[in-house]
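Below you'll find the structure, written out as structure tokens, and then a few comments.
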Protein chains: 2
Amino acid sequence: MSKLADTVVARLRAGIVDGSYPPDTRLTEAGLCRDFGVSRVPVREALRHLEAEGFVVSRPYAGVRVVRFGPDEAADLFAVRTTLEETTARRAATRVRDGDLPGRTEHLRDLVAMGSAALRDSPDEVAALNTSFHATVADLSGSTVLVSLFRQVAAKIEWLYAMDVGVRGPHSWSEHAAIADAVAAGDPDLAARLMGEHVQASLDGYLLRHAPS
Amino acid sequence: MSKLADTVVARLRAGIVDGSYPPDTRLTEAGLCRDFGVSRVPVREALRHLEAEGFVVSRPYAGVRVVRFGPDEAADLFAVRTTLEETTARRAATRVRDGDLPGRTEHLRDLVAMGSAALRDSPDEVAALNTSFHATVADLSGSTVLVSLFRQVAAKIEWLYAMDVGVRGPHSWSEHAAIADAVAAGDPDLAARLMGEHVQASLDGYLLRHAPS
DNA sequence: CGGCTGGCGGTTGTATACATTCCGACCCTG
DNA sequence: CAGGGTCGGAATGTATACAACCGCCAGCCG
């Protein structure tokens with residue numbers, strides 16, 4: 001929509017995701033105005049946007065707080081992500097099989113290569129590449145609705161990962177490679193199954209780290 | 001979030017859905033201020049919210065327009081809705097099977113009864129009851145993420161139906177009854193399959209009406 | 001000691017002013 | 001007459017100021 005409000009959304013979301021604004025933080029409009037050097041109108045619009053995305057909650061006349069994000073919400077999020085991404089992978093592979101996609105699967109393989117390389121060279125870029133990989137699959141599905149729903153889930157997944165420190169098992173990119181192959185080969189069932197297992201593995205890893213019970 | 005902006009969101013969305021603001025309508029902030037008797041700030045926040053929901057698009061400095069909504073978008077929407085609702089039905093039935101839900105399936109059967117009755121008595125309430133039925137299944141799934149994603153899709157589905165005049169085949173509520181039975185019986189696979197077929201039938205009906213090709 | 005009331009901080013709603021950008025009409029030229 | 005460029009109005013984006021309202025908390029009174 002507007003220029004400034006969008007940058008405030010991006011910066012504030014980044015601040016929430018990277019921990020500058022931890023969960024339960026009370027966000028005052030005046031404080032954010034100081035933080036970002038803008039006036040209240042863009043801040044208000046940004047807060048409303050982030051509320052729609054589920055990063056903050058706002059009780060009328062009682063301020064805006066960063067939401068808590070515990071294992072329960074994480075499990076819920078991963079469960080939804082599983083069905084969502086199985087669908088993106090299945091539809092992407094279907095479109096490849098039907099020839100609806102001219103050589104657009106190249107990009108996917110490039111991302112896998114870059115991700116594998118980044119595992120050694122620049123570990124801090126791995127998370128972004130991971131996001132790009134999944135976003136690309138969603139894009140290949142050709143469904144704008146799917147893309148927009150996925151974006152919302154992905155933003156929170158990113159948050160989840162940012163709260164952990166040195167996660168992301170290295171095996172992750174071999175799974176990505178297998179998914180890319182299945183999509184490029186136009187095998188919907190295989191792509192969906194691999195994607196489902198991949199997401200499930202991520203969830204298992206997360207729960208393993210955060211389930212002392 | 002805020003009181004006033006929320007009412008503006010609700011009223012404006014209702015206006016879009018019921019056709020008071022047809023697709024491609026240019027929405028000027030000043031005009032909406034007059035229409036609703038509020039100042040520009042709540043209007044701006046409402047427009048931003050509706051943009052996030054996908055009801056309007058906004059090019060910077062070029063105004064806000066109600067989005068077009070054709071058969072392509074409808075097919076896309078229904079496809080996503082299918083996977084989403086298969087998941088809600090499956091999870092709801094799973095929770096029933098595992099005993100996580102004390103007698104909350106009563107409500108579902110009540111809705112089916114009310115819907116069947118409304119088919120004869122008050123046809124204009126059928127759409128709302130249909131929405132309630134699907135929202136209740138989503139609620140029974142126990143996933144807040146799923147509920148929030150479903151809400152977004154449901155709002156647009158409602159819009160779709162509002163643009164048609166006398167649709168909704170009467171068989172719809174017998175399908176609802178079957179779904180309610182499957183959920184209440186705790187049969188995840190059956191519930192998911194029935195829900196998928198139900199949504200597919202809706203899509204087929206829609207395409208039949210809007211596909212002259 | 002407990003309930004109530006007052007003030008205060010903060011949010012929300014509104015109004016106004018100004019900068020920026022876009023759209024469309026008009027005019028000029030070939 | 002056709003095409004393109006330019007200018008002006010209009011709408012958006014932003015900032016600031018101010019009034020009204022709510023929730024929290026401390027202090028007071030019973």
Side-chain angles (χ1 to χ4, degrees), chain A residues 1-17 19-69 148 151 155, chain B residues 1-16 19-69 148 151:
Chain A
M1 196 175 184
S2 45
K3 255 193 334 253
L4 233 187
D6 278 335
T7 70
V8 173
V9 168
R11 291 218 284 163
L12 183 51
R13 182 170 42 208
I16 291 174
V17 166
S20 305
Y21 301 95
D24 259 358
T25 302
R26 186 186 178 83
L27 299 174
T28 75
E29 295 185 357
L32 296 174
C33 290
R34 283 200 318 274
D35 290 352
F36 296 128
V38 297
S39 83
R40 278 180 54 208
V41 176
V43 167
R44 286 172 61 93
E45 291 178 8
L47 287 175
R48 186 155 195 89
H49 193 97
L50 289 175
E51 189 192 13
E53 288 185 356
F55 284 97
V56 302
V57 289
S58 150
R59 293 207 321 267
Y61 299 103
V64 178
R65 304 180 83 89
V66 180
V67 301
R68 300 179 66 89
F69 206 58
S148 102
R151 239 197 283 272
Chain B
M1 195 177 183
S2 43
K3 256 193 332 248
L4 233 186
D6 276 337
T7 70
V8 174
V9 167
R11 292 217 284 163
L12 184 51
R13 181 169 44 208
I16 292 175
S20 305
Y21 301 96
D24 260 358
T25 303
R26 185 187 178 84
L27 300 174
T28 74
E29 294 183 358
L32 295 174
C33 291
R34 283 199 317 275
D35 289 352
F36 297 129
V38 298
S39 82
R40 278 180 62 202
V41 174
V43 167
R44 287 174 59 90
E45 292 177 7
L47 287 175
R48 186 155 193 90
H49 193 96
L50 289 175
E51 189 190 15
E53 287 186 356
F55 283 97
V56 301
V57 289
S58 149
R59 292 209 319 267
Y61 299 102
V64 177
R65 304 180 81 88
V66 180
V67 300
R68 298 179 67 89
F69 205 60
S148 105
R151 237 196 284 271

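Each chain gets a letter, A, B and so on, in the order its sequence line appears, and its residues count up from 1. The analysis underlying the following values was restricted to heavy atoms, covering all of them including side chains, and did not include hydrogens, waters or symmetry mates.
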Just to verify, what does A/Thr25 make a side-chain contact (heavy atoms from CB on, under 4.5 Å) with, not counting sequence neighbours? A/Pro22, A/Leu27, A/Val66
A/Arg48 CZ - C/dG13 C1' separation (whole Å): 13 Å
If you look only at distance, which donor and acceptor atoms sit under 3.5 Å apart when one is on a side chain in residues 30-39 of chain A and the other is two or more places apart or in another chain?
| residue | atom | partner | partner atom | Å |
| --- | --- | --- | --- | --- |
| A/Asp35 | OD2 | A/Tyr21 | OH | 2.9 |

Contacts under 3.5 Å, N or O only, protein and nucleotides 15-18 of chain D:
| residue | atom | partner | partner atom | Å |
| --- | --- | --- | --- | --- |
| D/dA15 | OP2 | A/Ser39 | N | 2.9 |
| D/dA15 | OP2 | A/Ser39 | OG | 2.9 |

Produce the list of close N/O pairs, under 3.5 Å, pairing protein atoms with atoms of nucleotides 22-24 of chain D; give distances to one decimal.
| residue | atom | partner | partner atom | Å |
| --- | --- | --- | --- | --- |
| D/dC24 | OP1 | A/Arg59 | NH2 | 3.4 |

By side chain to side chain donor-acceptor pair (under 3.5 Å) - contacts of A/Ser20 (at least two apart): A/Asp18
5' priority, DNA chain C, between A/Ala30 and B/Arg26 [closest heavy atom]: A/Ala30
Distance check needed: C/dT11 C1' versus A/Arg65 CZ, whole Å only. 14 Å
List in chain and number order the residues that pass side-chain contact (heavy atoms from CB on, under 4.5 Å) with B/Val67, two or more places apart in sequence or in another chain; answer none if no residue qualifies. B/Val57, B/Trp159
Check the pair B/His49 / B/Glu45 against side-chain hydrogen bond (donor to acceptor under 3.5 Å, both in side chains), numbers first and verdict last. CA-CA 6 Å; B/His49 193 96; B/Glu45 292 177 7; over 6 Å; no
Any residue meeting salt bridge (Lys or Arg N to Asp or Glu O under 4.0 Å) with B/Arg40, in chain and number order, not counting sequence neighbours: B/Glu29
Nearest whole Å is fine: how far is C/dC22 P from B/Glu29 CD? 16 Å
Whole-Å distance separating the CG atom of B/Leu47 from the P atom of D/dT14: 14 Å
Would you please name every residue forming a salt bridge (Lys or Arg N to Asp or Glu O under 4.0 Å) with A/Arg68, sequence neighbours left out? A/Asp24
Could you state the CZ-P distance from B/Arg44 to C/dG13, rounded to the nearest angstrom? 15 Å
Short question: side chain of A/Arg48, backbone of B/Ala46 - any donor-acceptor pair under 3.5 Å? no
